[in-house]
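Inspection log for the structure reproduced underneath, given as structure tokens.
Keep in mind it's a predicted model, so treat the numbers as computed, not measured.
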Amino acid sequence: MKRWLNILLVIIALLPLTACHEEVEWGNDPYGNFDALWTILDEHYCFFAYKDIDWQEVRTNYRSRISKDITQHELFELCSEMLKELQDGHVNLISPYDVSRDWIWEQYPENYNERLIDEHYLNFNYHHASGIKYQILTNNYAYMYYGNFSSGIGDGNLDVILNDLATSDGLIIDVRNNGGGYLTNVETLVGRFIDERIYAGSIQHKTGKGHDDFSEPFEYYFEPARGRVHYNKPVVVLTNRGSFSATNNFVSIMKSLPNVTVVGDTTGGGCGLPFTSELPNGWSVRFSAAPITGPDGNLTEFGVEPDVKVDMTEADMAHGKDTILEKAFEILQYKRINN
């Protein structure tokens with residue numbers, strides 16, 4: 001599956017990049033750059049209908065604020081403001097001096113403190129491999145922190161990690177503040193928690209310039225990691241608003257597994273595969289161009305809700321406790337006693 005997923009992602013990635021420059025060449029002036037940006041999104045962005053955005057009205061409102069004397073910095077700010085109408089953390093305008101963003105997790109409690117866990121739960125004593133920090137805690141529950149799905153996961157490393165954690169009574173996978181990365185790493189990690197082929201979701205790509213012009217969904221499945229070490233005891237996944245993009249995908253798939261409980265805050269969302277194009281002045285625009293559904297067939301652009309909603313409290317943090325992690329202990333303890 002991983003080979004075919006890689007091929008599919010490459011094919012989809014090439015589609016908008018070639019189509020953006022088929023017909024129109026915009027002038028390198030304020031109006032030309034604005035029109036280029038608006039049109040690229042108009043023809044290739046994938047969530048207009050899902051978010052009920054009137055993109056034509058957006059164009060009218062923002063283009064009326066441009067004049068031929070507007071500076072590059074002013075144009076950048078205006079275009080950045082327009083892109084925020086899309087409510088999408090995968091949409092960025094990139095210039096030599098700034099990057100626009102609409103990262104919703106900045107508006108919410110962080111619900112994660114790495115130092116607190118390192119000091120009060122791991123006692124600054126943990127292993128680190130393939131971007132994963134891990135250890136069996138004093139209560140015999142295993143803890144893994146994976147902070148970036150761009151960090152490659154080696155099968156050999158995972159075998160060692162899961163062998164080391166095999167004697168634990170349950171596993172906590174912490175993906176708080178994991179801003180995403182490669183979907184192939186999601187597949188690699190999920191494969192260690194399934195014993196049979198599972199439906200993971202579907203991917204579409206734009207087939208035309210209309211907002212509703214999409215291909216038929218390409219269904220994709222994950223296979224168990226054959227001949228590798230698996231973990232079959234209860235698992236709790238910890239999330240916050242900073243669990244974004246590929247992490248959002250990971251959480252949606254793990255949540256569908258019967259032995260997994262998701263605890264914390266709703267994830268940050270981001271279920272559109274991002275691609276990049278360029279404006280006449282050299283600025284780049286990154287945007288969501290291929291929607292990915294979860295195992296339940298739904299889009300998770302605005303996040304995956306946890307099974308158990310918990311926020312960290314100031315009182316707990318003052319006493320060296322992570323409220324979300326403590327709730328995970330309670331859930332694993334309940335499952336240990338009742339299973």
Quick one: does any side-chain atom of [X] pair with a main-chain N or O of [Y] as donor and acceptor, under 3.5 Å?
| X | Y | value |
| --- | --- | --- |
| Gln135 | Asn125 | yes |
| Ser130 | Gly154 | yes |
| Lys206 | Gly210 | yes |
| Asn92 | Arg286 | no |

According to a hydrophobic-cluster definition based on side-chain heavy atoms being under 4.5 Å apart (Ile, Leu, Val, Met, Phe, Trp, Tyr only), do [X] and [Y] belong together?
| X | Y | value |
| --- | --- | --- |
| Phe193 | Phe149 | yes |
| Tyr141 | Val175 | no |
| Ile94 | Phe34 | no |
| Val285 | Ile66 | yes |
| Tyr126 | Ile153 | no |

Is [Y] close to [X] at the side-chain level, that is, under 4.5 Å between some pair of heavy atoms?
| X | Y | result |
| --- | --- | --- |
| Ile194 | Leu257 | yes |
| Thr293 | Ser202 | yes |
| Leu165 | Ile136 | yes |
| Tyr143 | Leu122 | yes |
| Leu238 | Tyr112 | no |
| His44 | Phe275 | no |
| Phe214 | His205 | no |
| Asn249 | Ile253 | yes |

Look at the aromatic rings of Phe47 and Tyr50 and report parallel, tilted or perpendicular, splitting at 30° and 60°. tilted
Does this structure show an ion pair linking [X] with [Y], if we count only N-O contacts that are shorter than 4.0 Å?
| X | Y | value |
| --- | --- | --- |
| Arg241 | Asp265 | yes |
| Asp169 | Lys335 | no |
| Glu81 | Lys84 | no |
| Asp155 | Arg192 | yes |

State, to 0.1 Å, how close [X] and [Y] come at their nearest heavy-atom pair, and which atoms those are.
| X | Y | result |
| --- | --- | --- |
| Ala49 | Asp212 | CB-OD1, 3.7 Å |
| Phe244 | Gly270 | CE1-CA, 3.6 Å |
| Asn33 | Pro280 | OD1-CD, 3.1 Å |
| Gln87 | Asp102 | CA-OD2, 3.2 Å |
| Gly180 | Asn148 | O-OD1, 3.1 Å |
| Phe76 | Ser100 | CZ-N, 3.7 Å |

Distance, nearest 0.5 Å, that separates [atom1] of [X] from [atom2] of [Y]:
| X | Y | atom1 | atom2 | value |
| --- | --- | --- | --- | --- |
| Ile40 | Ser277 | CD1 | OG | 3.5 Å |
| Phe287 | Asp88 | CZ | CG | 11.0 Å |
| Ile292 | Phe218 | CD1 | CZ | 11.5 Å |
| Asp98 | Leu93 | CG | CG | 9.0 Å |
| Trp283 | Leu37 | CH2 | CG | 9.0 Å |
| Gln204 | Leu273 | CD | CG | 12.5 Å |

In terms of side-chain heavy atoms, does [X] have a donor or acceptor partner in [Y] at a distance below 3.5 Å?
| X | Y | result |
| --- | --- | --- |
| Glu187 | Tyr182 | no |
| Tyr231 | Ser168 | yes |
| Thr207 | Ser215 | no |
| Asp164 | Tyr134 | yes |
| Glu223 | Tyr221 | no |
| Asp69 | Ser67 | no |
| Asn111 | Asp311 | yes |

Test side chain to side chain donor-acceptor pair (under 3.5 Å), reference Arg176, set Asn240, Asp322, Thr267, Asn113, output is Asp322
Please assess Tyr145 against Tyr121 for the test ring-ring contact (aromatic ring centres under 6.0 Å, His included), listing each intermediate value before the final yes or no. CA-CA 12 Å; Tyr145 180 74; Tyr121 293 93; over 10 Å; no
Which pairs would a plain distance check flag for residues 294-306, meaning a side-chain donor or acceptor within less than 3.5 Å of a matching protein atom at least two apart in sequence or in another chain?
{"unit_1": "Asp296", "atom_1": "OD1", "unit_2": "Asn298", "atom_2": "N", "d": "3.0"}
{"unit_1": "Asp296", "atom_1": "OD2", "unit_2": "Asn298", "atom_2": "ND2", "d": "3.3"}
{"unit_1": "Thr300", "atom_1": "OG1", "unit_2": "Asn248", "atom_2": "ND2", "d": "2.7"}
{"unit_1": "Glu301", "atom_1": "OE1", "unit_2": "Cys271", "atom_2": "N", "d": "3.0"}
{"unit_1": "Glu301", "atom_1": "OE2", "unit_2": "Lys51", "atom_2": "NZ", "d": "2.9"}

Among Ile161, Ile173, Asn157, Asp174, find the one that has a side-chain contact (heavy atoms from CB on, under 4.5 Å) with Ile132. Ile161
side-chain contact (heavy atoms from CB on, under 4.5 Å) with Lys255: which of Thr261, Asp307, Thr239, Val260?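 Going through the options one by one, the only one that passes is Asp307.
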Over 12 foreign heavy atoms within 6.0 Å of [atom1], [X]:
| X | atom1 | answer |
| --- | --- | --- |
| Lys233 | NZ | yes |
| Lys309 | NZ | yes |
| Tyr334 | OH | no |

Test salt bridge (charged side-chain N to carboxylate O under 4.0 Å, His left out) on Asp42 and Arg59; report intermediate values, then the result. CA-CA 10 Å; Asp42 182 57; Arg59 179 183 189 274; over 6 Å; no
May I have the step-by-step check of ring-ring contact (aromatic ring centres under 6.0 Å, His included) for Tyr62 and Trp38, ending in yes or no? CA-CA 10 Å; Tyr62 284 89; Trp38 183 90; over 10 Å; no
Mind checking who shares a hydrophobic cluster with Phe124, ILVMFWY linked at side-chain heavy-atom distances under 4.5 Å?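 Under the 4.5 Å side-chain rule, Phe124 groups with nothing.
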Start with the C-alpha distance between Val262 and Met254, add both sets of side-chain angles, then the distance that settles side chain to side chain contact (heavy atoms under 4.5 Å, CB included), and finish with yes or no. CA-CA 8 Å; Val262 178; Met254 291 294 287; 5.5 Å; no
How about Tyr97 and His73: are their ring centres within less than 6.0 Å of each other? yes
